[in-house]
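Only one structure is covered here, and it is reproduced in the block below.
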Number of protein chains: 2
Amino acid sequence: MLFSEMGFDGATVDAIARRAGVNKAMISYHFAGKHGLYTAILTRDFEWAQERLSELDTGIIRADTKLARFVAIFGDLHVRHPHLSTMMLREAMSGGRHLDAILVPHIRRIFERVQAILAQGEREGTLRRVDPLMTHHIVLGSLAFFFAARPLRDRMIAEGIVAVEPPDPARFVSTLQELLARGLAKES
Amino acid sequence: MLFSEMGFDGATVDAIARRAGVNKAMISYHFAGKHGLYTAILTRDFEWAQERLSELDTGIIRADTKLARFVAIFGDLHVRHPHLSTMMLREAMSGGRHLDAILVPHIRRIFERVQAILAQGEREGTLRRVDPLMTHHIVLGSLAFFFAARPLRDRMIAEGIVAVEPPDPARFVSTLQELLARGLAKES
DNA sequence: GTCTATAGGCTGATAGAC
DNA sequence: GTCTATCAGCCTATAGAC
């Protein structure tokens, strides 16, 4: 996806239309312009994400299990919607320059979910007390970076600049899950 | 910095020159065009980073201490050179579209440093055996994201969308150091 | 070294035929 | 709904005066 690879300014309507096999004018007709298309993509991806995350809306599951599920859902999200991480990273860096106001609550809700899991863990005694905002950045940042950095990583691997195998997303998810399980456990 | 906030395509030479208080033509004259300026900035920042990281080039320090130092150095790097994380994140996402070939070895060297610390920790018995590439992504991704996401985070805090205080970089560094110390310790 | 003026190319959007 | 043709605006780079 061009918005993902090139950013809002780097992706031209002409190139987007060509890759989609449609006419340039169709984008204005169906999405009210470049910005409308951009917002439509992010809205679709965020709604998919929120629906998957609503699995966690129950008190029955333990917080440490919820955190592991949260990481797994985000891993799955990035595999299925690989554009969301890159588009959101770009928005984060630009202060949301191209971010429509209707998308902002989605971001807030994801942070609130991490906050809720950590608070539950503290109440239950399954997770040690940590700063929710800092932990949110570690969890989301690790995940977003792993998936977003794929283009350069793949290139460096292909060109033999780093001598590693292309990493498996599932393995990254389990590595992060284990680090968090050990690192956030009540007593160590 | 405009490359940082807007990306290579979003930042116009006109705007860069205006903010720097110089004439548009001066950028072509001194840096051989927009791309030359971009490469000059990244070269300067990377060289500064490598010099700071060379502190870790000794076997005397324990690997778990080195890892904490690595995180602290990167935290300091992002505070002093806040453009490096955002510019590199954008390059990572675009497969290095605007990345001059002379900058690629810098990226490899940073990964090799993480690899060396983890290998030392395993030999010494101070760190448990983990995948170096995955761990590299967790450490660098957490740090890059925390600092790169500042524009949107600050905006959401200022607008009262999330009810938190602007986070202190030093506190983020210590939170990450503690998570890694507990999460990567030999026995838990 | 520094500036203004301008060339030459590309961009997003749309009018209007079908 | 879909296309082609085109416009007005913006971009980078540079020629040439000082």
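So that the names make sense, note that chain A is the first sequence line, chain B the second, and so on, each numbered from 1. None of these values were measured; they are calculated from a predicted model. The basis for the numbers below is simple: all heavy atoms, side chains too, and nothing from hydrogens, waters or symmetry mates.
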Protein-to-nucleotide contact annotation, 5' to 3' order, nucleotides 11-18 of chain D [B base; S sugar-phosphate only; - none; under 4.0 Å, heavy atom]: SBBB----
Rounded distance in Å - CZ (B/Phe31) to C1' (C/dG1): 14 Å
Protein-nucleotide distance (A/Tyr38, atom OH; C/dG12, atom P), rounded to Å: 14 Å
Partners passing side chain to side chain donor-acceptor pair (under 3.5 Å) against B/Thr86 (at least two apart in sequence or in another chain): B/Ser4
Non-neighbouring partners of B/His106 that pass ring-ring contact (aromatic ring centres under 6.0 Å, His included), sequence neighbours left out: B/Phe46
Quiz: residues 114-121 of chain B side-chain donor-acceptor pairs under 3.5 angstrom, not counting sequence neighbours:
from	atom 1	to	atom 2	distance (Å)
B/Gln120	OE1	B/Lys66	NZ	2.9
B/Gln120	NE2	B/Ile61	O	2.8
B/Gln120	NE2	B/Glu124	OE2	2.6

Sequence neighbours excluded, every pair satisfying ring-ring contact (aromatic ring centres under 6.0 Å, His included) that has a member inside residues 49-70 of chain B: B/Phe70-B/Phe74
Of all pairs that satisfy ring-ring contact (aromatic ring centres under 6.0 Å, His included), the ones with a partner from residues 164-185 of chain B, not counting sequence neighbours: B/Phe146-B/Phe172
Whole-Å gap separating C1' (D/dT2) and CZ (A/Arg18): 18 Å
